[in-house]
Every structure is written in structure tokens, then in C-alpha cells.
Amino acid sequence: MPVTSHRFVVLKRVSTQKQGADGLGIAAQQRDIQLFLDQQPNATVIKELVEVQSGGKELNDRPVLQEAMDLCRQTNSTLLVAKLSRLTRDAAFALTLMKDSTIRFKVASMPDADNFQLGIYALLDEQERRQVSQRTKAALAAAKARGVRLGNPQNLDQYNRLRRGHARQFADQHRNLIWSLRNKGRTLREICEVLNDAGIKTSQGGMFHPIQVSRILKRSSNPALVAA
């Protein structure tokens, strides 16, 4: 869905100097950003900035982000990032940013979300990460109780492969319905409403939220493209 402003300041972020030097992660961010820009009529990129550091929880700790926001205000542009995590992983900081009415934020992987919705997604994402951490700790504790040597890299690799396999299996199970809705132009939130109304549960037995639908789309191929 096209946004109101056609002028963008692009912000990419990597977590370490090594990643910045190697370009690790930048290519993927550029791909998502370009896909978003291609959907915007007459999109103009005012400037592209790369932030090489971990995401601080205060704006004073993020001079590149601050520069990008100042430039947006000066040029009446929208600040564009590839993913919400490239802006911040801290929900409280995300909410602070989204409350700033002088700045418009857009996330390429969630093109329909406005500032208010992005703040909600940040809260949901943080909650999901906390739940994943708790489930992982519980699973490791159970494995340890069964006598599994947790320090053994082979066991940990096997555990991680099982988790990834379960996620892919769940994504493949629902991909046809979700991609069908997406190909018809349904937003992530509208897809969630269809799934929840149909009584379909997430892999953890809960309700669907946009970020979970987004992850399923990323984990599964588009059946229409495969058929073509």
C-alpha cells in the first residue's frame, strides 16, 4: 500500500564493526527495502545511512539514527528500515520513537503498518522473544533431567534443527491459505483475523498476530510462483 510521503531516508543497521566491514546483513536489508520502494509511486531516497553498532536504548546513544530522524524532519521524509529489529529490539524505545508525531516510520517487511501499529508489533515481538526464551530454558532443563549433556555441540545442533524443522513444518501446513489471502491483497492484520476467526492456532496454541503471519510468509514459498 503506497504511503503518503514519497521521500524516504533509508536506515540500515548491523550490530558489529565486522558485519559492517563485510556487508553482512546489508544485502538482505537492501533487498527488502528495494521491494518496498518498488511499490511506492515516484519514490525518492533522500539519503541512505548505515549504523554499525548494537541498538542502544536511548536516542543519545544512536547518533546515526538521530541524524536520520533530523533529516526526515528537514526534508519532510519518511524514515524507512527493512525490519523493525533494525530500528530497535527494545519495545519501550520503539514506543518512544513511535510517539514522536514529527516523524513517520515505515518498515519494509510490514508495509501497511503505521507508527501506532509498529509500536504494538514491537511489544508483541518482545513478548514472543521472552516466551521463546522461556520455552527454550524449559526444554533444556527437561533435556538435562533426561541425562542429555547440554555442553555437547552435537546435541544442541540437533535441538536447534528440530526447532527449525517444526517451524518450517507449521509454515508449510498453512502456507496455501495465507499466501492465497496475501496474493489477494489482504494485509497481515486481515490475514490474522481470518485465521483467528477460523479457529486456527499458532504452533504454540495461541492467537495469530501480524508478526507471526509475516514469519510464516518468509519461511514458506509462494505457491503461485512455484506453480508458475
Side-chain angles (χ1 to χ4, degrees), residues 1-14 23-51 64-65 67-69 71-89 94 97-98 100-125 171 174-195 208-228:
M1 179 181 297
V3 298
T4 303
S5 174
H6 305 304
R7 298 158 65 90
F8 299 92
V9 173
V10 172
L11 178 66
K12 305 169 191 173
R13 183 171 69 83
V14 290
L24 184 63
I26 291 293
Q29 292 178 59
Q30 181 58 44
R31 178 199 62 214
D32 290 347
I33 287 169
Q34 192 57 53
L35 286 172
F36 173 87
L37 291 173
D38 289 344
Q39 301 301 314
Q40 309 304 316
N42 303 316
T44 300
V45 175
I46 303 300
K47 189 172 183 178
E48 292 191 12
L49 299 169
V50 177
E51 186 178 39
V64 179
L65 172 59
E67 178 185 353
M69 293 175 65
L71 186 56
C72 284
R73 295 188 185 97
Q74 295 166 12
T75 61
N76 190 29
S77 300
T78 298
L79 181 55
L80 174 62
V81 295
K83 301 180 185 300
L84 189 55
S85 62
R86 296 301 84 195
L87 186 62
T88 180
R89 289 182 180 276
L97 293 175
M98 299 307 156
D100 188 340
S101 59
T102 66
I103 294 289
R104 292 183 300 272
F105 292 92
K106 274 295 172 183
V107 175
S109 61
M110 295 185 284
D112 300 316
D114 57 21
N115 284 21
F116 176 75
Q117 292 169 323
L118 290 174
I120 295 176
Y121 294 158
L123 288 170
L124 293 173
D125 194 33
H174 299 290
R175 71 173 184 139
N176 288 337
L177 172 59
I178 291 175
W179 272 113
S180 174
L181 295 169
R182 192 61 168 167
N183 291 334
K184 292 177 181 177
R186 296 291 187 94
T187 67
L188 297 178
R189 183 168 295 281
E190 288 171 340
I191 294 174
C192 288
E193 291 175 354
V194 172
L195 295 172
F208 276 92
H209 297 289
I211 195 164
Q212 291 155 331
V213 172
S214 177
R215 286 174 179 167
I216 289 177
L217 291 171
K218 291 173 186 175
R219 285 173 176 148
S220 62
S221 57
N222 187 338
L225 296 179
V226 173

Applying side-chain contact (heavy atoms from CB on, under 4.5 Å) to S85 and not counting sequence neighbours gives K83, R89
Residues passing the side-chain contact (heavy atoms from CB on, under 4.5 Å) test with I120, sequence neighbours excluded, are F116, L124
Atom pair [atom1]/[atom2] of [X] and [Y] - distance to nearest 0.5 Å:
{"X": "L181", "Y": "N176", "atom1": "CG", "atom2": "CG", "answer": "11.0 Å"}
{"X": "E67", "Y": "C72", "atom1": "CD", "atom2": "SG", "answer": "10.5 Å"}
{"X": "L37", "Y": "T44", "atom1": "CG", "atom2": "OG1", "answer": "9.5 Å"}
{"X": "L84", "Y": "M98", "atom1": "CG", "atom2": "CE", "answer": "6.0 Å"}

Residues passing the salt bridge (charged side-chain N to carboxylate O under 4.0 Å, His left out) test with E190, sequence neighbours excluded, are none
Indicate yes or no: at least one non-hydrogen side-chain atom of [X] is less than 4.5 angstrom from one of [Y].
{"X": "I33", "Y": "F8", "result": "no"}
{"X": "L11", "Y": "R86", "result": "no"}
{"X": "L188", "Y": "H209", "result": "no"}
{"X": "V107", "Y": "L87", "result": "no"}

Report task. Kindly determine whether R189 and Q117 satisfy side-chain contact (heavy atoms from CB on, under 4.5 Å), including the steps that lead there. Result -> CA-CA 10 Å; R189 183 168 295 281; Q117 292 169 323; 4.0 Å; yes
Original post:
What do the steps show when you test L97 against L118 for side-chain contact (heavy atoms from CB on, under 4.5 Å), and what is the final call?
Top reply: CA-CA 10 Å; L97 293 175; L118 290 174; over 6 Å; no
Provide the closest heavy-atom pair for [X] versus [Y] in the form atom of the first, atom of the second, distance.
{"X": "V213", "Y": "L195", "value": "CG2-CD1, 4.1 Å"}
{"X": "C192", "Y": "P210", "value": "SG-N, 3.2 Å"}
{"X": "S214", "Y": "S109", "value": "OG-O, 4.2 Å"}

Is there a donor-acceptor contact under 3.5 Å from the side chain of [X] to the main chain of [Y]?
{"X": "T75", "Y": "L71", "answer": "yes"}
{"X": "H6", "Y": "Q40", "answer": "no"}
{"X": "N115", "Y": "F105", "answer": "yes"}

Would L80 and V45 count as a side-chain contact (heavy atoms from CB on, under 4.5 Å) if you check the C-alpha gap in whole Å, the side-chain angles of each, and the deciding distance to 0.1 Å?
CA-CA 9 Å; L80 174 62; V45 175; over 6 Å; no
Pick one: which of E48, Q29, E51 meets side-chain hydrogen bond (donor to acceptor under 3.5 Å, both in side chains) with K12?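 Per the side-chain hydrogen bond (donor to acceptor under 3.5 Å, both in side chains) rule, the option paired with K12 is E48, out of E48, Q29, E51.
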Query raised in the report: Do the charged groups of R73 and D100 touch, with an N to O distance under 4.0 Å?
Result: yes
- Message: Quick one, R104 with N76, criterion side-chain contact (heavy atoms from CB on, under 4.5 Å). Give me CA distance, side-chain angles, the key distance, then yes/no.
- Response: CA-CA 9 Å; R104 292 183 300 272; N76 190 29; 3.4 Å; yes
### Message
Is it true that, when you exclude N42 itself, more than 12 heavy atoms of the residues, nucleotides or ligands shown sit nearer than 6.0 Å to its CG?
### Response
no
